[in-house]
Chemist: 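Take this structure first; my questions come after.
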Amino acid sequence: MKKLKLLQAIHEAGVVAVLRGNSPEEVIRMADKAIAGGIRVIEITMTVPFACEAISALARSYQSTDVSRVDYAIIGAGTVLDSETARAVMLAGAEFVVSPSLDEATVRLCNRYRVPILPGAMTVKEVTAALELGVEVVKLFPGNLYSPSIIPTLRGPLPQANIMPTGGVGLDNLKEWIAAGAFAVGIGSDLTKEAVASGNYDLITAKASAYVAAYREAKK
């Protein structure tokens, strides 16, 4: 899928599941349950041991040019700190790359291969630097340090910036983030913590369904 079409698909999906775990098998299981609940964008963090194995397995199972497929999903990599890791996850099958901070070499490599890169930023200066490097979407991280009003505040001087908050987004405030102009939202531990604590991974499917429903309601 072309870069701009992929970004549009992420925007339309609205909810990005950010998955961390102790093994590839665990995050694959989490991803399966999240996708069953309707989430269409999965981010596997590189803090997972052998994370590229999980990315490859999920890419083979869910990636498709047919976005109308019921089990279609966009698979990406998160917590990518450098260009070497970015290239590795691309070769593993990641369709987009997310970083907690702005690393110029990583952005340039992703641009070279036309792979969407969503670097983390917290300030007007960092968002501006990302835009100057050709970044299409900036990840506001950690989002729990801010209220949704930070988006219109940042977009006052930078109306062209697309911002995706990650961290601190929950069912109780998702509507506020979308109303504030979020490009999409990243959902982390809230999606999986109850399932991991109880051992009942079906809870991820239920929580994913709730997030998708909340997003659709927020977009009305």
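These figures come from a predicted structure and were not determined experimentally.
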Chemist: Could you check if a side-chain atom of Pro100 sits within less than 4.5 angstrom of a side-chain atom of Leu81, using non-hydrogen atoms only?
Modeler: yes
Chemist: Surrounding CG of Asn22 (heavy atoms of other residues, nucleotides or ligands, distance under 6.0 Å), is the total greater than 12?
Modeler: no
Chemist: More than 12 heavy atoms of other residues, nucleotides or ligands under 6.0 Å from CD of Glu194: is that the case?
Modeler: no
Chemist: Just how far is it from atom CD1 of Ile28 to atom CD1 of Ile42, taken to the nearest 0.5 Å?
Modeler: 12.0 Å
Chemist: Do Glu25 and Arg29 meet the salt-bridge criterion of a basic N to acidic O distance under 4.0 Å?
Modeler: no
Chemist: Could you tell me whether the side chain of Ile178 reaches within less than 4.5 Å of the side chain of Lys219, counting heavy atoms only?
Modeler: yes
Chemist: Please enumerate all residues that pass side-chain contact (heavy atoms from CB on, under 4.5 Å) together with Glu217, with sequence neighbours excluded.
Modeler: Lys220
Chemist: Where is the tightest heavy-atom contact between Thr153 and Ser149, given as atom of each residue plus distance?
Modeler: OG1-O, 2.8 Å
Chemist: Do Leu158 and Val124 have side-chain heavy atoms sitting under 4.5 Å apart?
Modeler: yes
Chemist: Side-chain contact, heavy-atom cut-off 4.5 Å: Val212 with Ile39?
Modeler: yes
Chemist: With sequence neighbours left out, write down each residue that passes side-chain hydrogen bond (donor to acceptor under 3.5 Å, both in side chains) with Glu26, or none if nothing qualifies.
Modeler: Tyr201
Chemist: I need the minimum non-hydrogen distance between Ile204 and Ala34, along with the two atoms involved.
Modeler: CG2-N, 3.7 Å
Chemist: Does Asn111 reach the main-chain N or O of Ile117 with its side chain, forming a donor-acceptor pair under 3.5 Å?
Modeler: no
Chemist: Could you report the tightest heavy-atom contact between Ala17 and Leu191, atom names first, then the distance?
Modeler: CB-CD2, 3.6 Å
Chemist: Return the set of residues passing side-chain contact (heavy atoms from CB on, under 4.5 Å) with Thr45 (not counting sequence neighbours), or none when no residue passes.
Modeler: Val18, Arg20, Glu43, Thr47, Val48, Thr79
Chemist: Please check: side-chain N/O of Arg155 versus main-chain N/O of Ala161, any donor-acceptor pairing under 3.5 Å?
Modeler: yes
Chemist: Looking only at non-hydrogen atoms, find the nearest pair between Leu118 and Lys139 and report the distance.
Modeler: O-CB, 4.0 Å
Chemist: Heavy atoms only: give me the nearest Val80-Ala86 pair and the separation to one decimal.
Modeler: CG1-N, 3.6 Å
Chemist: Is it the case that the side chains of Asp202 and Thr205 hold a donor-acceptor pair, with the cut-off being a distance below 3.5 Å and no angle test?
Modeler: no
Chemist: Can you check whether Leu4's main-chain N or O pairs, donor with acceptor, with Gln8's side chain at less than 3.5 Å?
Modeler: no
Chemist: Knowing that exactly one of Leu7, Leu131, Leu6 qualifies, which makes a side-chain contact (heavy atoms from CB on, under 4.5 Å) with Glu136?
Modeler: Leu7
Chemist: For a 4.5 angstrom cut-off between non-hydrogen side-chain atoms, does Arg40 reach Val15?
Modeler: no
Chemist: For a side-chain contact (heavy atoms from CB on, under 4.5 Å) with Glu95, tell me which candidate from Met90, Lys3, Gln63 qualifies.
Modeler: Gln63
Chemist: Determine whether Ser99 and Ser101 satisfy the following criterion, side chain to side chain donor-acceptor pair (under 3.5 Å), listing intermediate values before the conclusion.
Modeler: CA-CA 5 Å; Ser99 301; Ser101 60; over 6 Å; no
Chemist: side-chain contact (heavy atoms from CB on, under 4.5 Å) between Leu102 and Leu133: does it pass, once the steps are laid out?
Modeler: CA-CA 10 Å; Leu102 178 63; Leu133 290 171; 4.1 Å; yes
Chemist: Does the side chain of Phe50 come within less than 4.5 Å of Val27's, by heavy atoms?
Modeler: no
Chemist: Please confirm whether the backbone N or O of Ser83 pairs with a side-chain atom of Thr106, one donor and one acceptor, at under 3.5 Å?
Modeler: yes
Chemist: Just to verify, what does Phe183 make a ring-ring contact (aromatic ring centres under 6.0 Å, His included) with, not counting sequence neighbours?
Modeler: His11
Chemist: What are the two closest non-hydrogen atoms of Ile55 and Ala77, and how far apart are they?
Modeler: CD1-CB, 3.7 Å
Chemist: According to a hydrophobic-cluster definition based on side-chain heavy atoms being under 4.5 Å apart (Ile, Leu, Val, Met, Phe, Trp, Tyr only), do Met30 and Leu203 belong together?
Modeler: no
Chemist: Distance from Ile151 atom CD1 to Met164 atom CE, nearest 0.5 Å?
Modeler: 10.5 Å
Chemist: Is it true that a side-chain atom of Ser61 and a backbone atom of Ala57 form a donor plus acceptor pair closer than 3.5 Å?
Modeler: yes
Chemist: Could you list all the ring-ring contact (aromatic ring centres under 6.0 Å, His included) pairs where at least one residue sits in residues 100-154, not counting sequence neighbours?
Modeler: none
Chemist: Test side-chain contact (heavy atoms from CB on, under 4.5 Å) on Arg112 and Leu109; report intermediate values, then the result.
Modeler: CA-CA 5 Å; Arg112 182 180 306 140; Leu109 181 132; 4.0 Å; yes
Chemist: Compile the donor-acceptor pairs under 3.5 Å between side chains in residues 165-176 and protein atoms, sequence neighbours left out, one pair per line.
Modeler:
| unit_1 | atom_1 | unit_2 | atom_2 | d |
| --- | --- | --- | --- | --- |
| Asn173 | OD1 | Gly170 | N | 2.7 |
| Asn173 | ND2 | Gly168 | O | 3.0 |

Chemist: List the steps, then state whether side-chain contact (heavy atoms from CB on, under 4.5 Å) holds for Ile163 with Ile150.
Modeler: CA-CA 10 Å; Ile163 299 173; Ile150 187 62; over 6 Å; no
Chemist: Answer yes or no: is there a side-chain heavy-atom contact under 4.5 Å between Val185 and Val16?
Modeler: no
Chemist: Just verifying a value: how many Å separate Ile75 CD1 and Leu58 CG, rounded to the nearest 0.5 Å?
Modeler: 5.0 Å
Chemist: If we only count heavy atoms from C-beta on, is the Asp190 to Lys207 side-chain gap below 4.5 Å?
Modeler: yes
Chemist: Quick one, Phe96 with Val41, criterion side-chain contact (heavy atoms from CB on, under 4.5 Å). Give me CA distance, side-chain angles, the key distance, then yes/no.
Modeler: CA-CA 10 Å; Phe96 66 94; Val41 188; 3.6 Å; yes
